[in-house]
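First up is the structure itself, then whatever we jot down about it.
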Amino acid sequence: MRILSGLRVGAPPLLFVLLLTTGCRSLNDIGVLVPPTVDEDPNLPSTSVEIHGKTRKIHLKTFGAPDLPVLFVLHGSYTDTRPYANICQGLSDRYRVVIWDQRGCGLSERITEEEFTLESAVEEIEQIKKQFSPDKKVTIVGQSWGGGLATLYTSTHPENVEQLALIEPMPLKGSDMQELFNKIVEFRYENPSWNAMVRHGRAIGPGDHARLDYRAMMILRSTMTSGYHCDAQNPPAWPIHRVGAFLEYVRNKRLGNPISGFSYDFTRGLDAFQDTVLILGGSCSALGYEMQKRYSQAHFPRARVVEIPNAGHRMNIEKFDEVMANFKAFLKQYRR
Amino acid sequence: MKNLVLIGLAGLCLHAPVAGQNYTGLLNDAAHMVSAGLNADPGLNVHADYFAGIQTNRALVPRLCLISRVNFPIFAQKWLNFDFQLGVGCLWNFDERWMALSGLSWHFSRTEDVTGRYLHSGFKLDLYPGYRRGLWAVFPHLGLQYQPWIHLKAGDYARQAFQDLYPDGGEPAYGPKTGWYYQNHFVFQSGLGFGYFPSRWQVNLCAGFQHTFNRLGIVTFPDVGVMPFYGTVNFGYVLQTLKSD
């Protein structure tokens with residue numbers, strides 16, 4: 001009898017819980033919070049790369065005729081290829097522009113922590129080069145982290161690089177980053193954007209990739225990156241498909257942090273690259289003209305730093321015409 | 001049947017959201033208590049509680065309580081975000097000095113940010129096994145929150161991520177749709193609490209480590225606000241004690 005009366009008491013709330021749960025979709029379902037990746041949706045354009053024995057699908061797009069010289073565009077951190085479509089389109093009349101979501105980012109397949117190292121990031125570029133320009137040099141355009149990675153690739157494979165053009169590359173040595181970190185990253189406890197991300201964690205737990213990616217895209221609309229922009233409170237729009245949050249987490253681990261120090265160095269071997277490097281720096285950004293002139297320029301045997309007035313870190317969105325004018329004045333295919 | 005209910009309540013015992021709740025009125029013989037304080041999870045919040053105590057006349061579980069709390073984030077308060085909680089708790093007396101507080105709470109919350117608006121709900125189980133002597137008590141804290149239900153209304157910013165997906169410009173079959181969803185959102189807390197009860201007034205503190213369960217192995221990721229700390233400080237005033245009832 002006691003069991004029966006216990007059931008009578010317990011059944012209604014149990015049924016209520018079951019009804020609430022069974023009528024709902026899971027936040028983990030593909031495409032609920034962030035777009036599917038190429039391994040989840042075969043309709044997305046992709047290629048595969050094998051890095052250290054592990055094959056991963058990459059979301060990749062090309063612009064321009066296949067017989068044109070190849071130009072790679074490397075995207076920055078907390079982003080994917082989407083905001084660079086204008087550059088790719090703009091350069092596609094003289095180059096075959098190849099752009100891809102780096103492994104773990106955007107619509108590319110997610111990877112494990114072990115798969116991402118600075119060496120494997122370089123190997124990824126090498127694998128793409130083998131597919132699109134196995135016998136000829138490539139020109140590389142890189143922004144922010146992409147600029148750092150382009151520099152690292154050039155220092156590792158100087159014989160493979162035709163020209164190098166960088167948009168506000170990240171500090172190229174750990175010692176530079178150590179000095180600049182506090183100017184680049186605004187990390188105040190009372191920062192409303194950061195607190196909004198914490199609060200978001202009450203609603204949606206970072207239990208899996210999609211939920212963490214969903215939260216991480218809030219950074220792109222936040223004031224935590226105010227040092228990068230002319231209007232600190234209103235960062236320019238930066239449309240993305242997916243921030244690869246786990247990849248950002250792993251990359252942070254690989255690069256270091258301000259407490260234990262940043263130990264990376266993208267500049268070893270740059271002496272072998274004697275061509276002039278173009279570096280664009282905005283007048284507003286913490287990684288802008290002043291920083292590039294003071295820190296980055298000296299790491300290259302030859303580098304020219306150009307200031308883009310009234311521009312921040314997202315200058316290819318803000319000042320597209322000025323950026324393209326500088327690229328076209330620099331890139332060999334436009335000077336012939 | 002009464003035993004079942006009592007055991008159920010005792011098993012459920014005290015309550016608190018991620019921030020930790022004010023069950024310490026059980027140690028103050030409070031029949032009615034109001035309290036307020038700050039809590040960090042690790043974003044800073046302000047909260048106000050109401051506590052109602054019940055005497056049971058049982059040696060092992062001498063008091064039960066009902067608790068309610070409203071909680072507001074401070075720095076993230078661009079929109080009306082809040083947590084509302086209801087819970088039950090109990091005091092376990094093992095001897096004169098060794099005791100435990102335990103509780104179970106239900107919460108309903110609203111969160112809005114650039115990605116959308118969320119209504120979310122779940123439960124939390126708290127356990128504070130502790131030691132009491134005179135006017136003070138010290139109690140380790142173990143907490144487990146499970147929040148399975150969430151109503152999502154995605155904002156334009158979240159929807160924009162699904163545009164321009166396919167080269168042929170086809171409409172994406174994916175994207176956040178307004179409605180109820182479920183998730184496995186567990187938060188585990190372990191910390192240390194301290195309470196001081198000089199009179200009708202009381203103050204209690206609790207701080208420790210929290211871990212949000214995830215498949216990715218991430219313990220801390222400060223960039224996106226994943227940090228393994230929590231803390232709360234709470235000031236209470238007993239409006240009426242059980243003895244004066």
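Lettering follows sequence order; numbering is per chain, from 1.
Interatomic distance, CZ of B/F75 versus CD of A/E190, reported as 6.0 Å (0.5 Å rounding).
Between A/R199 and B/D113 no salt bridge is recorded (no basic side-chain N to carboxylate O distance below 4.0 Å). Using a 4.0 Å cut-off between charged side-chain N and carboxylate O, B/K177 and A/D29 make no salt bridge.
Considering only heavy atoms from C-beta on, A/R82 comes within 4.5 Å of B/D164 through its side chain. By the 4.5 Å heavy-atom criterion applied to side chains, A/P35 and B/Y174 are not counted as neighbours. Put simply, the side chain of B/L165 reaches to within 4.5 Å of the side chain of A/L107, judged on heavy atoms. Inter-residue side-chain proximity for B/Y166 and A/L44 is flagged as met; some heavy-atom pair is nearer than 4.5 Å.
Using a 4.5 Å cut-off between heavy atoms, B/Y118 contacts chain A through its side chain alone, with no backbone atom that close. Contact of B/R110 with chain A is made through the backbone alone, with heavy-atom distances under 4.5 Å.
Identified by a heavy-atom distance below 4.5 Å to chain B, the contributing residues of residues 236-246 of chain A are A/I240, A/H241, A/A245, A/F246, in residue-number order.
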Name each donor-acceptor pair under 3.5 Å that joins a side chain in residues 215-229 of chain B to protein atoms two or more places apart or in another chain, with its distance.
residue, atom, partner, partner atom, Å
B/T220, OG1, B/V226, O, 3.4
B/D223, OD2, A/Y78, OH, 3.0
B/D223, OD2, A/N252, ND2, 3.0

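B/Q183 contributes no side-chain N or O that, together with a main-chain N or O of A/S26, makes up a donor-acceptor pair within less than 3.5 Å.
Because its NZ or CZ atom is both nearer than 6.0 Å to the ring centre of B/Y157 and within 45° of the ring axis, A/R221 counts as a cation-pi partner of that residue.
Your options are B/T115, B/V114, B/I150, and the one with the most heavy-atom pairs under 4.5 Å with chain A is B/T115.
Judged as a salt bridge (Lys or Arg N to Asp or Glu O under 4.0 Å), the pairs with a partner in residues 35-44 of chain A (not counting sequence neighbours) are, in order, A/E40-A/R110.
Among residues two or more places apart in sequence or in another chain, the side chain to side chain donor-acceptor pair (under 3.5 Å) test is passed with A/R251 by A/E248.
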